[in-house]
Amino acid sequence: TPTSDFYFFSPTSQPINDLNGNQSANFVLSYEGEPTPTPTPTPTPTPKATTSTTLVSSLNPSASGQSVTFTASVSSTAAMTGQVQFLDGSTLIGTATLSGNSAAFASAALVAGTHSITAVYSGDADSESSTSAPLSQVVLPLLSSLVLNPKSVAGTNSANGTVSLTGQAPPGGVTVTLTGGNSVASAPPTVAIAAGADTGTFTITSSEVTTTTSVHFEATWNGITKKATLTVLPFALKSVTVTPASVNGGVSATGKVTLNGAAPAGGKLVLLASDNAAASVPDNVTVPEGSSTATFPISTTAVDDDALTTI
């Protein structure tokens, strides 16, 4: 509240301070103002301690479906509390509470491929937040299958093999080991799957056999083995056809033999016979190398009645 001082003078005496010279009592009012308050000092906040976060993986590279533990370690000059978030790129994949100066998160859900994992410490009242450098986590796909096509061949014919992964091969590609086979059918020792691809192919070669023979093959990669069996068959006549199926006596027709596989080097000789003199065929026909078919002529003679002929 403002205050003032009053000074009073007697009318019979000269005022000490006769302001207007009328020999009247005068007084002087003076305002000295409010006392200047002493400023309250503003407290200086204590700066937060800086932190540093590092991240490691328990298994790198890992296989699809394998559990991987990511451990974040946070360093600071102050005692710390709070949480650590684990991100795959910009996607949150897990959160763990800081215990001491570390936090861990395990996951088996990462798909095949390369993942950029980071750990972000949230900070607390005494410590700043911090983010780890990205960790490149490689998750390898699994070997999913070994398929042979066809599953059976005539000896000397080949089959195609295909190995498949559950995802794309990582940078540098994948080399799958092939085992099995024998003198009847064999495969190369390895097959490559290029980076970014999920399949690789190879060729199985076979030899001529006199009896049906089963040959087993195995493909192995990253601890997983897949199996397949190839059946190698003796050469056999698959079919004989005649075109046209009926003719007038004296008119020729064409016969065709088909084997169960492509003929080997030198071709395959097929013996021919007819059970009726009205239709004659050559003694044999050769199926050329690499082909499974050959044709031959059928000559006929005039007949009095319809005659059924078997070639």
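Predicted, not measured: the structure shown is a model, and the values here were computed from it. Each residue takes its place number in the sequence, starting with 1.
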Kindly give the heavy-atom pair with the smallest separation between V139 and A63, and that separation in Å. CG1-C, 3.9 Å
Beyond-backbone contact of S280 with S299, side-chain heavy atoms, under 4.5 angstrom: yes
I need the minimum non-hydrogen distance between T199 and I193, along with the two atoms involved. O-CG2, 3.6 Å
So, using side chain to side chain contact (heavy atoms under 4.5 Å, CB included) as the criterion, who are the partners of A294 when residues are at least two apart? V257, V285, V287, P288
Any residue meeting side chain to side chain contact (heavy atoms under 4.5 Å, CB included) with T190, in chain and number order, not counting sequence neighbours: T175
Are the side chains of S67 and S58 in touch, meaning some heavy atoms are under 4.5 Å apart? no
So the salt bridge (Lys or Arg N to Asp or Glu O under 4.0 Å) pairs with at least one residue in residues 211-221 (sequence neighbours excluded) are E218-K227
Does V68 share a hydrophobic cluster with V56, counting links as ILVMFWY side-chain heavy atoms below 4.5 Å and allowing steps through other members? no
So which pairs with a foot in residues 178-199 pass salt bridge (Lys or Arg N to Asp or Glu O under 4.0 Å), sequence neighbours left out? none
Is a side-chain donor or acceptor of S132 paired with a backbone partner of L55 at a separation under 3.5 angstrom? no
What I'd like to find out is whether the side chain of I298 reaches to under 4.5 Å of the side chain of T254, using heavy atoms alone. no
How long is the gap from OG on S76 to CD on E128, to the nearest 0.5 Å? 9.5 Å
Check whether any side-chain N or O of N60 sits under 3.5 Å from a backbone N or O of V138 as a donor-acceptor pair, and report yes or no. yes
Sorted by chain and residue number, the side chain to side chain donor-acceptor pair (under 3.5 Å) partners of T213 (sequence neighbours excluded) come out as none
Any side-chain heavy-atom pair from T220 and L143 closer than 4.5 angstrom? no
Among all residues two or more places apart in sequence or in another chain, which pass the side chain to side chain contact (heavy atoms under 4.5 Å, CB included) test with T229? S214, H216
Looking only at atom types and distance, does a side-chain atom of T300 sit under 3.5 Å from a main-chain N or O of V251, one as donor and one as acceptor? yes
Side-chain donor-acceptor contacts of residues 152-166 below 3.5 Å, not counting sequence neighbours, with atom names and distances?
| residue | atom | partner | partner atom | Å |
| --- | --- | --- | --- | --- |
| N157 | OD1 | A262 | N | 2.8 |
| N157 | ND2 | A154 | O | 3.2 |
| N157 | ND2 | A262 | O | 2.9 |
| T166 | OG1 | L142 | N | 2.8 |

Hey, any chance V209 and I204 share a hydrophobic cluster, counting ILVMFWY side chains that come within less than 4.5 Å of each other, even indirectly? yes
Between the main-chain N or O of K226 and the side-chain N or O of S145, is there a donor-acceptor pair closer than 3.5 Å? no
Residue of the set L237, V240, T258, T286 for which side-chain contact (heavy atoms from CB on, under 4.5 Å) holds with V270: L237
Going only through I, L, V, M, F, W and Y residues with side-chain contacts under 4.5 Å, is there a path from V184 to L148? yes
Do I224 and F217 share a hydrophobic cluster (ILVMFWY, side-chain heavy atoms under 4.5 Å, transitive)? yes
Co-membership, hydrophobic cluster, residues F235 and L272, 4.5 Å side-chain: yes
Quick one: CG on L271 to CG on N284, what's the gap to the nearest 0.5 Å? 6.0 Å
For S127 and T51, does a side-chain donor sit closer than 3.5 Å to a side-chain acceptor? no
d(L230 CG, S206 OG) to nearest 0.5 Å is 7.0 Å
For L59 and P61, work out which heavy atoms get closest and say how close. CG-O, 3.7 Å
Of all heavy-atom pairs linking V303 and A278, the shortest is CG1-CB, 3.7 Å
Would you say T301's side chain and G250's backbone share a donor-acceptor pair under 3.5 angstrom? no
Could you tell me whether the side chain of Y121 reaches within less than 4.5 Å of the side chain of S75, counting heavy atoms only? no
Between S129 and V120, is the side chain to side chain contact (heavy atoms under 4.5 Å, CB included) condition met? List the steps. CA-CA 7 Å; S129 63; V120 180; 5.7 Å; no
Just wondering, do F296 and V281 contact through their side chains at under 4.5 Å, heavy atoms? yes
For residues 266-280, which residue pairs qualify under salt bridge (Lys or Arg N to Asp or Glu O under 4.0 Å), counting only residues two or more places apart or in two chains? E208-K268
Please report the shortest heavy-atom distance between P234 and N260, naming the atom on each side. O-ND2, 3.0 Å
The side chain to side chain donor-acceptor pair (under 3.5 Å) partners of S62 (sequence neighbours excluded) come to Q137
For P47, which residues count as a side chain to side chain contact (heavy atoms under 4.5 Å, CB included) partner, sequence neighbours excluded? none
Min side-chain heavy-atom separation T205-S186 under 4.5 Å: yes
Name each donor-acceptor pair under 3.5 Å that joins a side chain in residues 77-105 to protein atoms two or more places apart or in another chain, with its distance.
| residue | atom | partner | partner atom | Å |
| --- | --- | --- | --- | --- |
| T81 | OG1 | D124 | OD2 | 3.1 |
| D88 | OD2 | H115 | ND1 | 2.7 |

Excluding L308, membership of its hydrophobic cluster (Ile, Leu, Val, Met, Phe, Trp, Tyr; side-chain heavy atoms within less than 4.5 Å) reads none
Show the nearest heavy-atom pair for residues T203 and P188, with the distance to one decimal. O-CD, 3.4 Å
